[in-house]
J.: 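Would you mind keeping the following structure in view while I ask a few things?
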Amino acid sequence: MKRNQVKEAEFSQSNNLEKAVPLIVEWYQNNKRDLPWRNGANAYHIWVSEIMLQQTRVEAVKSYYEAFLKAFPTIEELANAPEERLLKLWEGLGYYNRVRNMQKAAVQIVELYNGQMPQDYEQIKGLSGIGNYTAGAISSFAFGIPKPAVDGNVLRVISRFHASYEDIMKTSTRKHIEEEIEGIIPENAASDFNQGLIELGAIVCVPNGEPKCDICPIAKLCKANQKSVQMELPVKKKAKDRRIEKRTILIIKDEEKIAIQKRPEKGLLAGLYEFPNLEGHLTRKQLIEYAKSIGMMPVRIKKLENAKHIFSHVEWHMTGYEIIVDELEKTCRTNMIFADKKEVMGKYPIPTAFSAYTQYALSIMEN
DNA sequence: AAGTCGTGGTC
DNA sequence: TGACCAAGACT
């Protein structure tokens, strides 16, 4: 296709989407959900919500959002928080680098922008953990800056709107859609338009099951609706298979405390805490061998239930043992930490992956 | 460009 | 049950 024909095609598509703009804005103003982060337009609050919402459902975010802002009411307080406290507040939300990057950005904001979110798209995008989508969301939601905020909802809505079979996982597809939106985003309603597009994807042009075209404000303009191909779209290359890892989890306990340890600073669940664990499914014999090697004095060993945890790209198939030892802290030659029940619950961030064993550990500890 | 990085809901 | 999916960013 020649250059002028490409331009013409883009123009005719944009022209059609342009007709939808006022419909989306009006629909959003009349149909938006009442969500905690939609009270006012506080840039910090919007930022926190957008980071939490990345790859995460609204219902899961709500309670974390409230607790996080209560703990850190200002960007400066976030910048000064101990990492362990941050991670404890993020415990169970997943993608823990999000909160570490958010703190890095908070430090940048304190040092460069006097503790206030800059009101400039490029400066916002320059902050840690803020990519194209989140920069556009903060810029437009908080400040009305007319930049696109293209997330998974928008990709789905637009690819259906044009009945486009471009793979939405490709960088090039997202770029095309961002450019198209940049061309038609209304200067005086950037926030409502961007949020409307997202909200439309969230509650009308839904990802699971049949989209609700009967209540969609732009159904008449939608190519997928006209051609009845909504369920085929968007096109998304399927994820590759997960690898399986076998692990043996150890609940090592003396009369009052349980052993935990800090995970490495990089990689899966970086910087969080875990129960000591070993690769593979160990036999009782191997376990006793291991206990001896670190100077542990096992009094009793009990096999625990198996558990499985599924991550995006790996599965843990776990088995566990409870090991009762004598004088834990005096005999163990490791970097383990010995925590009481209160500390396991309220201080150390322990990911959900271990939940079966965390529950068991808590059940056998005294208050 | 493709792999990494969590968890819980849905069909 | 298992596969897919969710307001992505980083390397």
Side-chain angles (χ1 to χ4, degrees), chain A residues 28 32-33 35-38 45-65 87 90-102 104-105 124-138 140-141 148-157 167-175 178 191 194-203 205-211 231 234-245 263-272 274 308-316 349-356:
Chain A
Y28 177 70
K32 62 182 174 185
R33 290 168 295 175
L35 299 174
W37 43 89
R38 285 183 177 163
H45 296 179
I46 290 168
W47 175 33
V48 171
S49 74
E50 289 303 333
I51 299 298
M52 287 187 170
L53 285 163
Q54 288 170 9
Q55 303 292 285
T56 309
R57 295 183 138 72
V58 166
E59 285 310 312
V61 165
K62 285 180 178 171
S63 62
Y64 286 89
Y65 172 82
L87 289 170
W90 212 267
E91 182 186 67
L93 252 194
Y95 289 140
Y96 299 93
N97 274 330
R98 288 184 293 179
V99 71
R100 261 190 289 268
N101 283 333
M102 200 160 56
K104 278 187 206 166
I124 292 171
K125 190 167 152 36
L127 298 167
S128 289
I130 297 184
N132 272 13
Y133 165 72
T134 305
I138 296 171
S140 62
F141 302 176
V150 176
D151 71 340
N153 290 306
V154 177
L155 290 170
R156 181 173 58 258
V157 170
D167 182 346
I168 60 165
M169 296 304 279
K170 295 179 106 172
T171 307
S172 58
T173 305
R174 200 196 64 209
K175 193 160 179 288
E178 284 173 344
S191 174
N194 277 343
Q195 296 200 69
L197 221 34
I198 293 166
E199 192 78 344
L200 204 52
I203 66 183
C205 197
V206 291
N208 297 320
E210 298 273 347
M231 293 300 279
V235 172
K236 196 172 180 181
K237 187 179 60 191
K238 84 166 177 27
K240 70 166 210 175
D241 292 345
R242 286 183 290 268
R243 68 175 183 276
I244 293 174
E245 289 181 8
R263 290 179 60 83
E265 293 301 329
K266 289 193 181 286
L268 186 64
L269 304 172
L272 279 80
E274 65 181 359
K308 181 163 79 170
H309 187 81
I310 300 173
F311 299 92
S312 306
H313 58 294
V314 59
E315 276 183 45
W316 280 358
I350 302 175
T352 305
F354 296 98
S355 69

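Just so it is clear: chains get the letters A, B, ... in the order the sequence lines come, proteins before strands, and each one is counted from 1. Since we're looking at a predicted model, the values are computed, not measured.
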J.: Quantified in whole Å, what is the C1' atom distance between nucleotide C/dT1 and nucleotide B/dG8?
T.: 16 Å
J.: Counting any heavy atom closer than 4.0 Å, what does A/K170 reach on the DNA or RNA strands: base, sugar-phosphate only, or nothing?
T.: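 Nothing: the residue A/K170, judged by heavy atoms under 4.0 Å, touches no strand.
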J.: Identify, with sequence neighbours excluded, every residue that meets side chain to side chain donor-acceptor pair (under 3.5 Å) alongside A/R100.
T.: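 Residues passing side chain to side chain donor-acceptor pair (under 3.5 Å) with A/R100: A/E83, A/N97.
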J.: So which one's nearest nucleotide on DNA chain C is more toward 5', A/P207 or A/I130?
T.: A/P207
J.: When we call it a touch if two heavy atoms are under 4.0 Å apart, what does A/R156 touch: a base, just sugar-phosphate, or nothing?
T.: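 Sugar-phosphate: the residue A/R156, judged by heavy atoms under 4.0 Å, touches backbone atoms but no base.
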J.: With sequence neighbours excluded, tell me which residues meet salt bridge (charged side-chain N to carboxylate O under 4.0 Å, His left out) with A/K62.
T.: A/E59
J.: Give the rounded distance in Å between these two atoms: NZ of A/K240 and P of B/dA1.
T.: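 Rounded to whole Å, this separation is 18 Å.
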J.: Mind checking side chain to side chain contact (heavy atoms under 4.5 Å, CB included) for A/N132 and listing every partner two or more places apart, or none if nothing turns up?
T.: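 Partners of A/N132 under the side chain to side chain contact (heavy atoms under 4.5 Å, CB included) test: A/Y121, A/K125, A/R174, A/E178.
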J.: With A/F141, which residues qualify under ring-ring contact (aromatic ring centres under 6.0 Å, His included), at least two apart?
T.: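 Partners of A/F141 under the ring-ring contact (aromatic ring centres under 6.0 Å, His included) test: none.
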J.: Would you mind building the protein contact string for nucleotides 6-11 of chain B? One character per nucleotide, 5' to 3', B for base within reach (heavy atoms under 4.0 Å), S for sugar-phosphate only, - for untouched.
T.: BBBS--
J.: Reckon A/R33 touches a base, only the sugar-phosphate, or nothing at all at heavy-atom distances under 4.0 Å?
T.: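 Base contact - A/R33 has a heavy atom under 4.0 Å of at least one base atom.
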J.: The criterion is salt bridge (charged side-chain N to carboxylate O under 4.0 Å, His left out); which residues satisfy it with A/R156, sequence neighbours excluded?
T.: none
J.: Which value, in whole Å, describes the distance between the C1' atoms of nucleotides B/dG3 and C/dA7?
T.: 22 Å
J.: First and last nucleotide of DNA chain C touching chain A, 5' to 3', heavy-atom cut-off 4.0 Å?
T.: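 It runs C/dC4 to C/dC10.
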J.: Checking all strands, does A/V314 fall into the base, sugar-phosphate, or nothing category for heavy-atom contacts under 4.0 angstrom?
T.: nothing
J.: Looking at residues at least two apart in the chain, or sitting in another chain, which of them share a side chain to side chain donor-acceptor pair (under 3.5 Å) with A/S128?
T.: A/Q108
J.: Taking the six-membered ring for Trp and the full ring for Phe, Tyr or His, determine whether the centres of A/F311 and A/W316 are under 6.0 Å apart.
T.: yes
J.: Rounding to an integer number of angstrom, what distance separates C/dT11 and B/dA1 when you compare their C1' atoms?
T.: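 Nearest-Å result for C/dT11 against B/dA1 at atom C1': 11 Å.
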J.: For a quick check of understanding: with a heavy-atom distance under 4.0 Å over all strands, which category does A/T171 fall into, base, sugar-phosphate or nothing?
T.: sugar-phosphate
J.: Can you check ring pair (Phe, Tyr, Trp, His ring centres under 6.0 Å) on A/W90 and A/Y64, steps first, answer last?
T.: CA-CA 7 Å; A/W90 212 267; A/Y64 286 89; 7.5 Å; no
J.: Contact class for A/W37 vs. all strands (heavy atom < 4.0 Å): base, sugar-phosphate, or nothing?
T.: base
J.: Sequence neighbours left out, what passes side chain to side chain donor-acceptor pair (under 3.5 Å) with A/K32? Give chain and number order.
T.: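 With sequence neighbours excluded, A/K32 shows a side chain to side chain donor-acceptor pair (under 3.5 Å) to no residue whatsoever.
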J.: Looking only at side-chain N and O atoms, does A/H313 come under 4.0 Å of OP1 or OP2 in B/dC5?
T.: yes
J.: Name the nucleic acid region contacted by A/L155, choosing base, sugar-phosphate or nothing; use a 4.0 angstrom heavy-atom cut-off, strictly under.
T.: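 A/L155: no heavy atom of the nucleic acid under 4.0 Å.
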J.: Starting at CG of A/N101 and ending at P of B/dT4, how long is that distance when rounded to a whole Å?
T.: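 It works out to 19 Å between those atoms.
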